[in-house]
Each structure stands twice: as C-alpha cells, then as structure tokens.
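Comments concern the structure below.
In this chain, residues are counted from 1 in sequence order. Indexing begins at 1, ligand by ligand and atom by atom, following the structure's order. Values in this document were obtained by computation on a predicted structure and should not be read as measured data.
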Amino acid sequence: MIKSKQIQNLDDYTGTILIPVFETYEKSIIPIEYHLASVSSKVFYGKKDTHYIIEKFDCTHVFIGLGKETDYKSIKTIFRRIAAKQSAIFSQKVTLVVNEKFDGNHVEAAVAGLVLGTYNLGHYKKTEKHPFLHKDFVLQYIAQKDFKDAIEKGMKIANAQLETFNLVDLPPNKVNPKYLAHWATEAGKKYGFEVTVFGKDKSTEVGLHSFLSVGKGSANEPQFIIMEYQPKNAKKHIGLVGKGITFDTGGLNIKTAGMVQMKCDMAGAAAVLGSMQLIADLKLPYRVTAIVPACENSVDAHSFMPSDVIQSYAGHSIEIIDTDAEGRLILADGLSYLIKNYKPETVIDLATLTGSAVGTFGYECAALFSNNDELCKALQKSGDEIGERLWQLPLWDAYKSDIESEIADVKNYSGKPVAGAISAAKFLEFFTDEHKSWAHLDIAGVAFGDDEFAKTKHATGYGVHLITKFIENL
Ligand code: BES
Ligand code: ZN
Ligand code: ZN
C-alpha cells in the first residue's frame with residue numbers, strides 16, 4: 001500500500017502540491033492563492049471539473065476546482081482525473097492540502113480517486129507503471145486534523161476496486177472460472193477468509209444441476225466458489241452471490257449483438273470478490289458468506305439446448321426457453337445453496353443479468369429488487385452516500401405468470417421482449433425459499449461503462465464500495 005505522512009508546513013518543500021478549492025466567482029477581485037502561488041479569478045475560480053497548474057519556487061501547484069459544493073463521487077472523480085491525466089506531476093514528491101471544509105469522507109474520496117487514477121487499461125501493452133505506484137512513494141498531507149485513518153481507508157477501497165477493474169477488464173481467455181477460483185483462494189489467504197471451491201465432480205455430487213447445465217458447452221471447467229469471512233466479534237450474518245459468467249456467447253441462442261462486451265458478464269462476481277477483499281481488509285465485525293458460481297456460456301455439441309428441462313439444487317425443474325438467459329440459472333443454485341447451507345440473515349445478489357435493466361436505467365443506476373423495504377432503503381442510502389445509485393422495480397405476483405412453465409416447475413424466460421429485468425428477478429425469487437430479507441441488484445448497465453478514463457468500455461467497480469458501505473452502516 002502507498003504510504004502516507006502528515007507534514008506541518010511546506011518550508012523548503014519542493015514537489016507537487018494538490019490544492020482543492022471551492023468555487024468563488026469569476027469576477028472576484030481576490031485571487032485564489034496558496035503557498036505564495038496565486039491565480040486570478042478570471043483564469044481559475046474553483047469551478048467544478050477545472051484545474052490550474054502553476055510552476056513556482058520549484059513546486060508544481062495544482063489548484064483543483066470543486067464547485068460550490070461537492071460530494072463523495074465528485075471528489076473521487078476529480079482526483080482520479082488528476083492522477084490519470086497529469087501523471088507526470090506524480091514523479092516528484094506529492095502533498096495534498098486538505099481543504100478546511102473537508103471531513104474524513106472527503107479525504108477518503110480524494111485518496112481513493114488518486115489511487116484509482118493509476119489504473120491503466122493497457123494490460124497487454126508495454127507501458128510504464130504510474131509513478132504513484134513506485135514502492136518508495138509517500139503521499140504527504142497538510143491538514144488541521146489527523147486524517148491517517150481516512151487516507152488508509154481510501155487506499156483500501158481503491159485497492160479492492162482496482163482488483164475488480166482487473167478481473168472485469170482482463171480478457172476471457174485469461175479470466176476463466178479457474179482464474180476466479182485462484183484469485184479468491186489467494187485473496188482469502190492474504191486478507192483472512194476461507195475459500196472452498198467445487199469443481200465439476202463435486203458440484204455434480206452436491207447437485208448443482210442448474211449451474212452445471214450452463215457450463216456444459218465450455219472447455220473450461222465450472223468452479224463453484226464459496227468464501228467465508230467469520231470474525232470473532234461478528235454481529236450479523238450477510239450472504240452474497242455474484243454472477244460469474246466469464247464469457248456469455250448466449251449459448252446455442254447465440255448473441256447477434258454486443259457479444260464482444262460479454263467479458264463483463266462476471267462483473268457481479270468481481271464485485272463480490274472485491275467486496276470480500278475490502279470487508280476483510282477493513283476487518284468489519286460482520287460474518288459474510290459469499291458464493292460465486294463461475295462458468296462460461298459457450299457453444300458446442302455438449303451445450304444445453306432451448307427446450308431442455310434441467311434440474312436445480314433446490315429440486316425445482318426448469319424449462320430452458322433461451323440459453324442466453326443463463327445468469328439466472330447459475331444464480332438460482334448459488335442462492336439456494338447459500339440459503340440452505342448457511343442461513344444468512346440477509347442475502348444480496350449482484351448480476352449483469354438483463355439488457356432490460358440497461359434499457360430502463362441506462363448507465364447511471366442499477367435496478368434493485370427486494371421483498372424487504374428496510375433492506376431496500378438501507379442499500380439505497382449506502383449507495384447515495386458514495387455515488388453508486390439504485391432504484392427499485394417491483395416484484396409483484398402479477399409477473400409470476402411470465403415464468404410459469406407447462407412442462408416444468410418454472411421456465412427461464414417468458415419468451416416476450418417485455419419486463420425482462422422484472423421476470424428475471426421473479427425467477428431468482430423462486431429460488432430464495434421465501435427468504436425474508438433478499439435483494440437482487442441487476443448491474444448490467446452500471447458495471448461496464450464509457451467514461452473519460454478510456455476510449456472503450458471498461459469496468460467501473462460498481463458494487464464493491466456499495467456492499468461494504470451497506471455492511472458498515474448496519
Ligand atoms: N449477460 C446478459 C445481460 C447483459 C446485457 C449484460 C447487456 C450486460 C450488458 C444476459 O445473460 C442476457 O443475455 N440476457 C438476455 C436475456 C434474454 C435472452 C431473456 C437479455 O437481457 O437480453
Ligand atoms: Zn446471456
Ligand atoms: Zn449473461
């Protein structure tokens with residue numbers, strides 16, 4: 001982890017100085033200044049998303065505009081931008097001047113942003129490491145108070161999110177089910193949680209038939225990953241499930257559009273894996289059991305077929321209408337297995353489940369489904385605090401007919417191009433054994449997006465901080 005150090009003044013200092021400032025106004029006659037560097041308000045007055053660099057006294061002064069008021073996500077993005085786009089200024093000493101109006105959350109957001117700014121999508125390019133990642137790098141800060149804890153927390157959050165970025169952005173010929181299982185095992189050793197992995201044989205023996213059906217057409221063996229974090233002082237037991245389709249071709253109902261983006265179909269799994277790292281790293285006093293069913297939805301003579309009837313761990317038979325509605329099949333077994341064997345008090349699943357969630361909310365907000373209003377409110381509140389938004393859609397029984405099958409207990413798709421996110425959620429609900437506190441987050445629109453940090457779509461890390469914050473706020 002990058003080291004940090006509080007300093008008292010900038011006497012004899014040479015290096016970069018990051019100075020976040022709130023907006024004054026364009027015609028103010030008082031310039032914005034710090035450490036004898038000043039800038040006229042005509043040029044820079046702290047407007048959001050602007051910055052101004054002055055070289056003076058062997059120092060690089062970076063004035064960073066925050067706007068009139070700010071929030072967690074804005075601060076994080078602004079600082080990420082500085083680290084990502086002005087990387088040269090990190091090749092010298094860096095001091096963050098903590099604005100007097102900043103609290104611990106603001107400092108945490110700024111540091112998390114700086115660390116995320118080191119991310120480079122060019123995994124397979126011959127590029128140099130961001131200077132911020134150099135092992136001797138120390139982030140200095142000047143503040144009225146001690147912000148050591150906030151800085152450390154910001155770094156831990158960003159480190160977990162960077163892991164999630166890697167897992168999602170690395171290609172599917174690298175991140176296959178075994179890669180996810182290996183990642184979980186190593187993270188478990190490093191951060192302190194137990195990991196058990198069921199391969200094909202063990203999954204068959206246990207009866208994870210629905211999960212196994214999806215992976216049948218792939219040369220990569222499915223892996224059912226179970227993670228258990230059990231601190232001694234645990235207050236409550238939370239269960240997590242993440243969709244781990246390492247690539248979604250659609251199966252025999254092969255995708256005719258958007259297949260190239262389907263390496264992101266394990267973003268729910270990556271969010272759960274990143275959350276486990278962060279929860280354990282922060283030593284949160286809650287028991288957390290997480291399941292990642294990981295497999296690949298491929299095309300082959302062994303692939304499962306539309307009109308197949310398959311079995312499930314819960315003992316419910318499923319008619320396959322569309323092999324591209326595969327996420328719900330692996331989640332069904334993940335949810336049933338978790339609820340039956342671990343009985344967590346609250347269960348949350350995250351999945352890039354439907355194009356319909358993208359059609360409904362676009363790239364700004366995840367679709368939230370839950371049978372528990374208190375849980376909904378708590379998730380939304382946690383999300384709003386850190387800028388990962390959620391909005392609830394209904395689970396009314398009127399939608400149940402969408403998944404009623406004539407040949408089996410349930411079918412995996414209505415066959416109609418309407419209310420797709422809702423009927424998928426109704427399908428999952430069928431496998432929750434009437435659990436009283438369950439929430440499903442369809443993150444298809446928010447997990448993989450376009451932004452200023454790269455030219456192609458890439459991971460956002462959505463869910464890692466949201467889930468951790470939700471547990472912290474319990
Ligand atoms: N992985 C997709 C959903 C998806 C879409 C994720 C866009 C990320 C971005 C999922 O498995 C899928 O194919 N869903 C189908 C279901 C349909 C066949 C019932 C969909 O939503 O179109
Ligand atoms: Zn699919
Ligand atoms: Zn999928």
Fill in: Residue of the set Leu121, Val115, Leu116 for which side-chain contact (heavy atoms from CB on, under 4.5 Å) holds with Tyr119
Leu121
Discussion item. Can a side-chain donor-acceptor contact be found between Ser312 and Ser210 if the only test is distance below 3.5 angstrom?
Written reply: no
Discussion item. Which label fits Tyr337 and Phe198: parallel for a plane angle under 30°, tilted from 30 to 60°, or perpendicular past 60°?
Written reply: perpendicular
Item to complete: Quick one: pull up CD1 in Ile471 and CD1 in Ile467 and give me the separation to the nearest 0.5 Å.
Response: 6.5 Å
Discussion item. Counting only nitrogen or oxygen atoms and a 3.5 angstrom limit, does Thr354 reach ligand 1?
Written reply: no
Response to the item:
Note: heavy atom closest to atom 12 (C) of ligand 1, options Thr323, Ile321, Asp324, belongs to Asp324
Worksheet item: Are a donor atom and an acceptor atom from the side chains of Thr70 and His106 found within less than 3.5 Å of each other?
Response: no
Item to complete: Please confirm whether Asp322 comes within less than 3.5 Å of ligand 1 when only nitrogen or oxygen atoms on both sides are compared.
Response: no
Discussion item. With respect to Tyr413, determine whether any N or O atom, backbone or side chain, lies less than 3.5 Å from an N or O atom of ligand 1.
Written reply: no
Fill in: Ring centre gap for His458 and Phe448 strictly below 6.0 Å
no
Worksheet item: Near Asp248, which atoms of ligand 1 are under 4.0 Å from a heavy atom of that residue?
Response: 1 (N), 2 (C), 10 (C), 11 (O), 13 (O)
Worksheet entry | Shortest protein contact, atom 10 (C) of ligand 1 (heavy atom only) | Leu353 O, 3.3 Å
Discussion item. Under a 3.5 Å distance rule, please check whether Glu194 uses its side chain to pair with a backbone N or O of Glu228 as donor and acceptor.
Written reply: no
Discussion item. Using heavy atoms and a 4.0 Å limit, tell me yes or no: is Met262 in contact with ligand 1?
Written reply: yes
Worksheet item: Quick check: does Asp248 have an N/O/S atom under 2.8 Å of the Zn ion (ligand 2)?
Response: yes
Worksheet item: How far is atom 16 (C) of ligand 1 from its nearest protein heavy atom, and which residue and atom name does that atom have?
Response: Arg328 NH2, 3.9 Å
Practice prompt. Write out the residue and atom name of the closest protein heavy atom to atom 6 (C) of ligand 1, then the distance separating them to 0.1 Å.
Written response: Thr352 O, 3.6 Å
Practice prompt. Report yes if Gly355 has an N/O atom closer than 3.5 Å to an N/O atom of ligand 1; otherwise report no.
Written response: yes
Worksheet, complete the sentence: Here the vertex angle at the Zn ion (ligand 2) for O of Asp324 and OE1 of Glu326, given to 10°, is 70°
Item to complete: Identify, by atom number and element, the atoms of ligand 1 in contact range of Glu326, meaning under 4.0 Å from any of its heavy atoms.
Response: 11 (O)
Worksheet item: Has Lys85 got its NZ or CZ under 6.0 Å from the middle of the six-membered ring of Phe453, at an angle within 45 degrees of the ring axis?
Response: yes
